[in-house]
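Keep in mind that this is a model prediction, so the values were computed, not measured. As the structure lists them, so they are numbered: ligands from 1, and atoms in each ligand from 1. Worth knowing before you read on, the calculation uses all heavy atoms, side chains too, and leaves out hydrogens, waters and symmetry mates.
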Amino acid sequence: MRLAIKGSGYTSASKTEIEFLNQVLIVVNDQGKIEKIINQHDDDYASLLQLAKSQNKLVELSENQYFLPGFIDTHIHAPQWPNAGLALDKPLNEWLNEYTFPLEAKYQDLSFSEKVYDNLTKNLVDFGTTTAVYFGTIYPESNLVLAKMCNKNRQRGLIGQVAMDDPDMNPEYYLDKSAADSIAKTKRFIDELKQQNQTNVIKQTPVITPRFLPSCSLEALRGLANLANQYDLPIQSHCSESNWENGYALEKYGKRDATVLDECGLMNNRSIMAHGTLLNDSDLNLFETNGVTVSHCPISNVYFGDGILPVKRILNHHVNLGLGTDISGGFSPSMYDNVKQSILSSQQLQSGVDTRIDAQKRGVPDSRITAKTAFYLATVGGAKAINLPTGELKPGYLADLQIVENQPKPFQPATSDDIFENLMYATTQNDIKAVYVEGLQAK
Ligand code: GUN
Ligand code: FE
């Protein structure tokens with residue numbers, strides 16, 4: 001036994017429902033997986049409780065504490081962390097050129113990389129993010145530092161060696177020399193991360209990462225897809241994020257963004273495509289058929305998305321959805337903030353925003369999502385995206401969880417549903433009292 005947790009908490013039960021686990025004992029085995037979840041009436045409850053106590057492995061939640069699965073951030077740019085909460089006054093293309101590429105180019109400096117990545121991974125864990133799907137930079141050595149910091153701060157990272165080889169679309173100072181160079185650096189990163197993992201406690205995963213269609217040649221995209229197949233790796237990119245980006249593929253190739261990525265072999269059930277605010281029904285059919293996940297980054301979308309992602313419609317289309325912070329296109333490292341924004345944005349989609357238009361015509365009916373659906377995206381949707389048994393508290397799943405505190409209001413009784421909803425809306429960094437990854441304490 002690695003750990004036992006005694007108390008109450010929540011796990012997602014479906015896209016619209018949660019399960020309240022009332023006064024249970026979660027037993028975590030030596031491999032960091034949940035062995036069993038038992039309640040006080042089960043036969044082995046007393047003996048396992050005693051065993052955990054005697055081995056000094058028991059964590060007992062206090063009255064106002066609850067456990068939740070750790071969150072999975074399915075889209076975050078690690079090198080953009082110094083700009084989180086800054087520089088959001090430009091449209092995407094200008095923002096990339098003026099603020100983002102100059103910052104990302106600094107990560108050739110490995111001591112700068114270490115300073116930023118140590119701080120970032122610690123902060124994310126502090127916010128309850130136990131797994132993050134990262135974009136790194138074009139520098140393999142710096143991305144290896146990110147992997148090292150994830151391991152140090154006990155976070156599961158899926159880390160992308162960013163590929164961008166089109167000299168017309170990227171600055172000279174931040175550009176892969178050629179498609180062959182993009183592929184060679186990605187291969188080097190994969191091989192060296194495999195080496196590093198021999199000593200990592202929390203295993204880190206390389207991700208095939210063409211930045212987005214406008215930054216890559218078709219040759220690079222095809223070569224990267226081959227690497228993904230050869231090494232059986234996840235893939236990430238951006239897709240139909242903004243009017244400009246969505247229009248780029250149409251203009252250059254006369255095809256949809258998603259179609260070009262698919263023709264290059266990059267759209268499969270290990271692919272995560274960020275944003276997708278402008279995906280149309282034919283794109284969604286492709287996502288559904290190929291099992292591609294959309295990473296919904298609701299804060300970032302306010303700035304760059306040129307529209308609101310119709311979460312409910314996409315879920316009804318049987319396309320998987322995760323949630324992401326998209327630092328620094330999104331200003332907050334908190335998945336709680338993104339849970340809230342996903343709800344707020346869906347409300348605005350439903351009601352509409354331009355009050356000069358008749359109320360009946362202003363919004364999109366049946367668009368509103370609940371906190372339970374947002375929680376599903378942040379946990380189960382994310383886990384499905386990365387094909388790992390995390391994001392749920394069930395036997396056989398990785399013991400990735402957070403312990404959060406919620407002060408009851410003395411003047412009003414609260415049901416377990418009320419407490420859950422309040423946890424989603426009111427939890428601050430300070431309220432997250434402990435975080436475990438594979439049953440190892442990270443906070
Ligand atoms: N598209 C290409 N690169 C980026 C990026 O860094 N952030 C966002 N939001 N979109 C992108
Ligand atoms: Fe992004």
Task: Aromatic ring proximity Phe135/His75, centre distance under 6.0 Å - done: yes
- [ ] Just jot down the ring-ring contact (aromatic ring centres under 6.0 Å, His included) partners of Phe71, sequence neighbours excluded, or say none.
- [x] Tyr336
Open item on the list: I'd like to check the side chain to side chain contact (heavy atoms under 4.5 Å, CB included) partners of Glu421; sequence neighbours left out, ordered by chain and number.
Closed with: Ala371, Tyr425
Just which atoms of ligand 1 are under 4.0 Å from any heavy atom in [X]?
X      : result
His275 : 9 (N)
Phe212 : 1 (N), 2 (C)
Leu92  : 8 (C), 10 (N), 11 (C)

TODO: Provide the protein N, O or S atoms situated under 2.8 Å from the Fe ion (ligand 2); waters are not included.
DONE: His75 NE2, His77 NE2, His238 NE2, Asp326 OD1
TODO: May I ask you to test the Leu284-His317 pair for a side-chain heavy-atom distance under 4.5 Å?
DONE: yes
TODO: Please tell me if the side chains of Ile299 and Thr325 come closer than 4.5 Å, counting only heavy atoms from C-beta onward.
DONE: no
TODO: Would you sort out whether Tyr139 and Lys185 count as a side chain to side chain donor-acceptor pair (under 3.5 Å), showing the intermediate values?
DONE: CA-CA 8 Å; Tyr139 311 117; Lys185 284 196 294 179; over 6 Å; no
Task: Salt bridge flag under 4.0 Å for residues Asp166 and Lys252 - done: yes
Open item on the list: With a 4.0 Å cut-off on N to O distance, would you call Asp126 and Lys122 a salt bridge?
Closed with: no
Task: Trp95, any N or O under 3.5 Å of ligand 1 N or O - done: no
- [ ] Look only at interatomic distance and state if Glu104 has a nitrogen or oxygen under 3.5 Å from any nitrogen or oxygen of ligand 1.
- [x] no
Open item on the list: Minimum distance, heavy atoms only, to atom 3 (N) of ligand 1: which one of His77, Arg211, Glu245 is it?
Closed with: Arg211
- [ ] Starting from atom 10 (N) of ligand 1, find the nearest protein heavy-atom neighbour and note its residue, name and distance.
- [x] Glu241 OE1, 2.7 Å
Task: Residue pairs passing the side-chain hydrogen bond (donor to acceptor under 3.5 Å, both in side chains) test where at least one lies in residues 432-441, sequence neighbours excluded - done: Arg156-Glu438
